[in-house]
2 protein chains.
Amino acid sequence: MYFVDKERLLDKILTYKHFGDDGKGGITRYALSKEDLMARDEFKRRMENIGCDVYSDDLANMYAVLKGNGKSDKRIVMASHCDSVKNGGNYDGILGVLSAMEVLETVATQNIEHDHDLVAMIWTNEEGSLYPPAIMCSSIVTNSYLPEEIRKNYDLDKLLNSHSVIDKNVTFKMALDKFPYKGKIENRINPKDYMAMFELHIEQGPILEENKKDVGVVPCVLGMCNFSIKTEGVANHAGTTPMKKRKDALFAMAKVLLLIHEKLDKFDGLVYTTGEISIHPNVHTVIPDECVMSLDARHVDDKVIDEVKNILNNLPSTIEGCKVSTKLEWDRKTTYFHKTLVGYVEGACKELGYNYQFINSGAGHDAQFAAYMLPTTMIFVPSKDGRSHCDEEYSDIEHCYKACNVLLNAVLRTDEKGV
Amino acid sequence: MYFVDKERLLDKILTYKHFGDDGKGGITRYALSKEDLMARDEFKRRMENIGCDVYSDDLANMYAVLKGNGKSDKRIVMASHCDSVKNGGNYDGILGVLSAMEVLETVATQNIEHDHDLVAMIWTNEEGSLYPPAIMCSSIVTNSYLPEEIRKNYDLDKLLNSHSVIDKNVTFKMALDKFPYKGKIENRINPKDYMAMFELHIEQGPILEENKKDVGVVPCVLGMCNFSIKTEGVANHAGTTPMKKRKDALFAMAKVLLLIHEKLDKFDGLVYTTGEISIHPNVHTVIPDECVMSLDARHVDDKVIDEVKNILNNLPSTIEGCKVSTKLEWDRKTTYFHKTLVGYVEGACKELGYNYQFINSGAGHDAQFAAYMLPTTMIFVPSKDGRSHCDEEYSDIEHCYKACNVLLNAVLRTDEKGV
């Protein structure tokens, strides 16, 4: 077994905290921002220090290549992202990049022989916080490999022309054209030159911590469906409309929400979220005539997602006098990772004597799109209190170290045994 | 009995539809806008035509005075507003102004003898749509007569410096300084020179229509209380947080809303509205950690409002793991109109043989503030389908005509008998 350098890994974590420090313990590091640039410069500096060839592609996805012994012309890549949400944490995404760097530094400094080129990679704009949507650049690179049902949601032109949520005059493409790490399209990761991909990431949930596990072995990313739910009533004056004459769209939506909980709570392992709501006219003296709410539901079993869709499509058409309607905005099936690679990760956990468990990814990641192009898998690190996308996001250095060791050994096993 | 001219009244209604026509059947006529100016110009033109002295005060409240025979130096005023909400209707407010004009035109053209000066008046900015809050200028004029509990909500400086909701660089005072009908402060209505006030207004609710009544006699404006209700949970990732670990502020608020309905629906005659809601962060992939909702409750009996406050102040402190808190934003007791004037309105209905009923005003009006300064009352006109503040707002000309006759005869009775 091989081991990375815990001190060096921690040093990187502490260094990267400065690139977008929000002064409250977390960071704001939008894609293509000057903070993102600082993160990239440091990546380049450290990787060139150990003899890597560093370059980027037309989307500013960035690659550091540590040459192998020449016995294979295929590459093994470890990738994640270095952008964050607004007031996000110091681990989401970046820990995967820093672990990839740490693996290359370990291989280089310990002179570990390897047949394949090993690559540390940064995906641009995973969060989509400034330029929506999330997982943007991996959806572009892997686009032609995606199943039609997913690809239809990712129009390449629309993605490139995504407007900044802060300044509507700026598009992703405009920011990219000015970004120093915009490179050539022929540098993009592809299935001809690459054999396998690993993404180490924080869990962003409470399960590993609760089960006192060191590492999560990730067999899949959950399938999901997204609905918008609408109730339509009649707007009227708060003071002059008797209660019995009202058609209150917000009251109807509250009843819809309780009904949804009643019907969906019976499915084991299902997670569903109603995170967005808007009402019209949203004036305290007017009975609302329209309410729209989002629903996001995720489960490993596509049949359960089908049942959820069936329930949403068959809600009562009228509640509290208001018309109720639902619309499936999009859905996707569960994405399974490559069994051989999942096995290498589990094998590394076992050989290292770590306490691990299998855990499905409820969140979306670049790896889930990469999986349609290349053999891919993920490794999860426990998140303190399950918190993520906030200043409090935290993963213990012991857990980061162990997961990084699993990554190192799984990559070396892939190098040795192939996929 | 005396009768106004139905054709002339209708002509005014049809004329005023042009001043802010929104092309969809209704109007947008913000206070101090060019549309408001058109309405004022027409008021001045028509009132001067019948020999009125027309002038305005420092808030652009506008007065048309038809001289009496000199036997009394007190005035009787009929007042309402000519501004509207965005895409409002052709009756709210303006019908009271047009009816006041029609009464003066009738008295003038029929040479009806009267001891007191009779005044048609326009209150500026009742709706507060462009410069919040509503009922602004009557709250300023009557400020020193208001009970402390109401006055504390109306800071004169803050009112004058209210910012336009469309252009934050413009304040009410700035618009007023440019408005051609800004006059002198000494012209303001006051209890020394004025004996009584009437406001004719549409009901804005469905009660008169449902009860097949021609006219509403209004003894009071309902007391009310306004609360904000907050639920606080924990924000977490939609995909990675098991259902049992969630503290969902929106789900908690849905339960609060149902609980409120359960507890408040037992009060006869109570109307309550939850018209405004906001959640944080309002992102479809994040469990909401905060939800704030408004509650507006109105009832004629102040004891019932006290019971509502008691219920709101004693909601469970925790629902679905979320902290629940409520805050009384403001309240006011029921405002009773002057019994003698209410009696004159009822007397006129009876003598005219109209089908009338007593009806409390659920909405706020300029008359409710005026009532603290002068003997005041209101007359209600049925609203088709109870609709108001919308393009569909409508009152039949027969109903407008009858209410205007009631106004004319009640004013003449006041002129004859005093208050």
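Scope of the values below: all heavy atoms of this structure, side chains included, with no hydrogens, waters or symmetry mates. Bear in mind that the values here come from a model prediction, so they are computed numbers and not experimental data. Order of the sequence lines fixes the chain letters, A, B, ..., with proteins taken first and strands second; residue numbering starts at 1 for each chain.
B:R387 contributes atom CZ, which lies 13.0 Å from atom NE2 of A:H237 (distance to the nearest 0.5 angstrom). In this structure, B:I277 CD1 and A:L250 CG are separated by 5.0 Å, a value rounded to the nearest 0.5 Å.
Contacts with chain A were tallied for B:E203, B:M253, B:Q204; B:Q204 has the most, counting heavy-atom pairs under 4.5 Å. Between chain A and the residues B:N226, B:T241, B:D248, B:L257, the largest count of heavy-atom pairs under 4.5 Å involves B:L257. Top candidate by heavy-atom pairs under 4.5 Å with chain A, chosen from B:A297, B:A249, B:A254, is B:A254.
Considering all non-hydrogen atoms of both residues, A:G239 and B:L222 come closest at O-CD1, 4.5 Å. When all heavy atoms are compared, the tightest approach of A:G275 to B:I279 is O-CD1, 3.1 Å.
In this structure, chain B has no heavy atom under 4.5 Å from any part of A:A134. Contact of A:N282 with chain B is made through backbone and side chain together, with heavy-atom distances under 4.5 Å. Interface remark: A:V234 contributes side-chain atoms only to the contact with chain B (heavy atom separation under 4.5 Å). Of the two parts of A:I207, only the side chain, counted from C-beta on, holds a non-hydrogen atom closer than 4.5 Å to a non-hydrogen atom of chain B.
Side-chain contact between B:T240 and A:S388 is absent, with no heavy atoms from C-beta onward closer than 4.5 Å. B:L270 is not listed as a side-chain neighbour of A:M243, based on a closest heavy-atom distance of 4.5 Å or more.
Surrounding NZ of A:K247 are at most 12 heavy atoms belonging to other residues, nucleotides or ligands under 6.0 Å away.
With sequence neighbours excluded, the residues forming a salt bridge (charged side-chain N to carboxylate O under 4.0 Å, His left out) with B:K327 are B:E329, listed by chain and number. Residues passing the ring-ring contact (aromatic ring centres under 6.0 Å, His included) test with B:Y91, sequence neighbours excluded: B:Y394.
Applying the side chain to side chain donor-acceptor pair (under 3.5 Å) definition to pairs two or more places apart or across chains, those involving residues 253-276 of chain A are A:K255-A:E320, A:H261-A:Y272, A:D265-A:Y272, A:T273-B:R246.
Of residues 284-296 of chain B, those residues with a non-hydrogen atom less than 4.5 Å from any non-hydrogen atom of chain A are, in numerical order, B:H284, B:T285, B:V286, B:I287, B:P288, B:M293, B:S294, B:D296.
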